[in-house]
2 protein chains.
Amino acid sequence: MASDHTRSAILAAAERLYADRGFGDVTLRDIVAEANVNLAAVNYHFGSKDELIAELFVSRSIATNRERLRELKAAEEEGGGRAPIEVILRALVGPTLRGCLGPENQRSTAARFMIRASIESVPPIRRIKNREIDHLRKFVGAMRRSLPDRSDVDIYWGLNFALAMAHHTIRESERLTKLSEGKCDLDDVEDVVARVVSVATMALTGAEATSKPAARPMAANGRLTRQDL
Amino acid sequence: MASDHTRSAILAAAERLYADRGFGDVTLRDIVAEANVNLAAVNYHFGSKDELIAELFVSRSIATNRERLRELKAAEEEGGGRAPIEVILRALVGPTLRGCLGPENQRSTAARFMIRASIESVPPIRRIKNREIDHLRKFVGAMRRSLPDRSDVDIYWGLNFALAMAHHTIRESERLTKLSEGKCDLDDVEDVVARVVSVATMALTGAEATSKPAARPMAANGRLTRQDL
DNA sequence: TTGCAATTCAAACAGTTGTATGAAACTATC
DNA sequence: GATAGTTTCATACAACTGTTTGAATTGCAA
């Protein structure tokens with residue numbers, strides 16, 4: 001492996017194009033044109049298109065996960081093995097939110113790529129995401145230590161909701177801006193982090209049991225008249 | 001328009017195939033084979049593949065939205081124009097959750113299709129989703145009436161988080177089951193609805209202001225060593 | 001029945017896609 | 001400076017895609 005030049009040019013070009021135009025309509029030919037390399041170079045260096053995408057996604061995921069664990073470890077060491085739940089949650093959702101939100105023009109290519117990966121789910125990325133469970137288990141452990149009185153089920157649901165709010169906000173940030181007519185300021189990332197952490201904390205420390213009301217009928221499947229939507 | 005036979009056969013076959021195998025690898029030829037009709041029939045009846053997908057998705061969205069508004073209207077009429085926030089939130093997330101969760105074997109094709117539409121976002125569907133804002137505004141209105149002291153921004157965030165928890169739970173239901181080793185029972189739909197509504201209610205009625213801690217550095221972009229993930 | 005429009009059909013089209021090939025160019029080692 | 005291994009390159013390939021075409025068939029109305 002001499003200089004890595006072609007390899008990294010492909011990676012950079014691919015990430016930029018995917019970030020800008022999505023996975024759907026970026027072909028290998030687009031990528032090699034942007035990278036100024038030969039078409040065959042992709043298969044030579046990466047084996048296949050899917051492996052290129054996977055490598056791209058794995059790199060960025062590792063970076064985010066490393067940042068998450070760094071924050072988590074620091075917090076637990078400071079608290080003698082038991083970090084406050086808010087800090088754990090902040091370590092969980094902070095890095096992702098900070099990476100993907102913030103002013104448009106200063107949002108990195110990497111972040112825009114990860115947003116795309118979150119919006120348009122393609123097979124090679126889906127396969128990798130399934131492996132993220134081990135990573136999440138570390139946060140489950142920390143949350144258990146922080147809230148020893150909470151049941152496991154509540155912990156799992158709290159984690160699920162925290163990730164839900166973070167990812168959904170990233171994924172649908174445009175819609176939220178439009179719906180709120182700009183009143184929700186998604187460029188103020190730390191405010192977003194604080195909101196997510198606050199709600200997730202309430203979810204984990206709030207009301208003990210959830211009431212179970214009577215079941216409701218399922219949505220109709222029959223014919224329809226155009227009126228809503 | 002004589003008998004609609006071909007048309008509805010295509011719709012049914014397409015929905016079934018998309019639900020089972022996703023949008024990515026279902027071709028028009030797969031659909032017409034499943035529907036036992038000629039290849040050209042799709043373009044004759046729908047104009048294009050994208051319009052077929054759009055028609056499918058619009059139908060199901062309308063059904064869900066109608067159900068949502070039915071619940072909302074009933075609740076507001078009962079309360080004299082002012083429904084409790086829990087009931088509004090239940091009307092918002094209940095129909096979707098009930099449609100998409102529940103025991104695998106009794107989950108309808110329609111519901112499985114909508115899950116797919118939520119996981120794999122394809123262009124024709126993305127275009128339609130952007131039009132859903134008007135629909136959501138009706139819920140914003142109801143929430144404002146229910147919580148007149150809350151700021152608009154808080155309302156928007158509460159709505160956003162409610163949808164986040166519902167959609168993310170549907171989309172990542174498999175992962176949550178695996179992570180929790182089956183302890184989170186996603187077949188008990190009403191429990192899921194109750195949990196989402198409960199947390200969303202806390203988000204909307206809980207702590208007034210969110211504290212604003214100091215900013216944190218962004219995730220590193222540099223080289224990486226495989227360790228996490 | 002005749003005529004006309006709607007529908008179905010087989011076949012082909014035009015374009016794109018990711019991938020493979022084999023020769024050429026390069027690079028570093030001896 | 002010859003050699004061996006790596007990397008680049010132009011080109012071809014094979015398959016698949018959504019769409020179109022124009023003729024056949026069908027169904028209904030006059």
Side-chain angles (χ1 to χ4, degrees), chain A residues 1-58 113 116-117 120-128, chain B residues 1-58 113 116-117 120-128:
Chain A
M1 183 183 313
S3 78
D4 247 12
H5 172 275
T6 304
R7 213 186 128 82
S8 44
I10 291 172
L11 283 171
E15 182 168 55
R16 186 168 39 221
L17 286 178
Y18 285 142
D20 285 344
R21 292 160 37 189
F23 298 97
D25 46 36
V26 172
T27 70
L28 285 189
R29 282 168 178 83
D30 293 332
I31 294 171
V32 298
E34 177 88 358
N36 275 314
V37 302
N38 188 270
L39 173 59
V42 173
N43 285 275
Y44 178 78
H45 285 280
F46 298 93
S48 71
K49 184 194 189 183
D50 278 9
E51 288 174 84
L52 166 62
I53 294 179
E55 167 125 4
L56 229 32
F57 183 72
V58 167
F113 170 82
R116 281 288 181 189
E120 307 171 30
S121 181
V122 290
I125 289 183
R126 265 201 301 277
R127 276 192 288 273
I128 293 165
Chain B
M1 184 183 311
S3 77
D4 248 11
H5 171 274
T6 304
R7 213 186 129 83
S8 44
I10 291 173
L11 283 171
E15 183 167 53
R16 187 167 39 222
L17 287 179
Y18 285 141
D20 286 345
R21 294 163 32 192
F23 297 98
D25 46 36
V26 172
T27 70
L28 284 189
R29 284 169 177 82
D30 294 332
I31 294 172
V32 298
E34 177 89 358
N36 275 313
V37 302
N38 187 270
L39 174 59
V42 173
N43 285 278
Y44 177 79
H45 284 280
F46 297 92
S48 71
K49 184 195 189 182
D50 278 9
E51 288 174 86
L52 166 62
I53 294 179
E55 168 125 2
L56 230 32
F57 182 71
V58 167
F113 171 81
R116 283 287 181 189
E120 305 171 32
S121 181
V122 290
I125 289 183
R126 265 202 300 279
R127 275 193 287 274
I128 293 165

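Here is the naming used below: chain letters follow the sequence lines, and residue numbers restart at 1 for every chain. Model, not experiment: these values are computed from the prediction.
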- Tell me: NZ of B:Lys49 to C1' of C:dG15, nearest whole Å? 15 Å
- Message: Side-chain N or O of A:Thr27 versus OP1/OP2 of C:dT16: is the shortest distance under 4.0 Å?
- Response: no
- B:Ile10 has an atom CD1; how far is it from atom C1' of C:dT8, in whole Å? 11 Å
- A:Asp30 atom CG is separated from C:dG18 atom P, nearest whole Å, by 9 Å
- Message: I'd like to know whether A:Glu55 forms a side-chain contact (heavy atoms from CB on, under 4.5 Å) with A:His45, so could you lay out the CA-CA distance, the side-chain angles of the two residues, the decisive distance to 0.1 Å, and finally the verdict.
- Response: CA-CA 11 Å; A:Glu55 167 125 4; A:His45 285 280; over 6 Å; no
- Note on the structure: The answer to which of A:Val37 and B:Arg29 contacts DNA chain D further toward the 5' end, by nearest nucleotide, is A:Val37
- Item | Rounded distance in Å - CD1 (B:Ile53) to P (D:dT17) | 13 Å
- Do the ring planes of B:Phe113 and B:Phe23 sit parallel (below 30°), tilted (30 to 60°) or perpendicular (above 60°)? perpendicular
- For D:dA10, does OP1 or OP2 lie under 4.0 Å from any side-chain N or O of A:Asn38? yes
- Message: Once you apply a heavy-atom cut-off of 4.0 Å, does B:Ala40 come out as touching a base, just sugar-phosphate, or nothing?
- Response: base
- Query: Only one of B:Val26, B:Leu17, B:Ile10 forms a side chain to side chain contact (heavy atoms under 4.5 Å, CB included) with B:Glu34, so which one is it?
  - Reply: B:Leu17
- Between atom CZ of B:Arg21 and atom OG1 of B:Thr27, what is the distance when rounded to the nearest 0.5 Å? 7.5 Å
- Rounded to the nearest Å, what distance is computed from the CG atom of residue A:Asn43 to the P atom of nucleotide D:dC13? 18 Å
- Query: Expressed in angstrom and rounded to an integer, what is the separation of A:Asp4 atom CG from D:dT8 atom C1'?
  - Reply: 15 Å
- Using whole Å, report how far CG of B:Leu28 lies from C1' of D:dT19. 9 Å
- Atom-to-atom span, NE2 of A:His45 to P of C:dG18 - whole angstrom: 18 Å
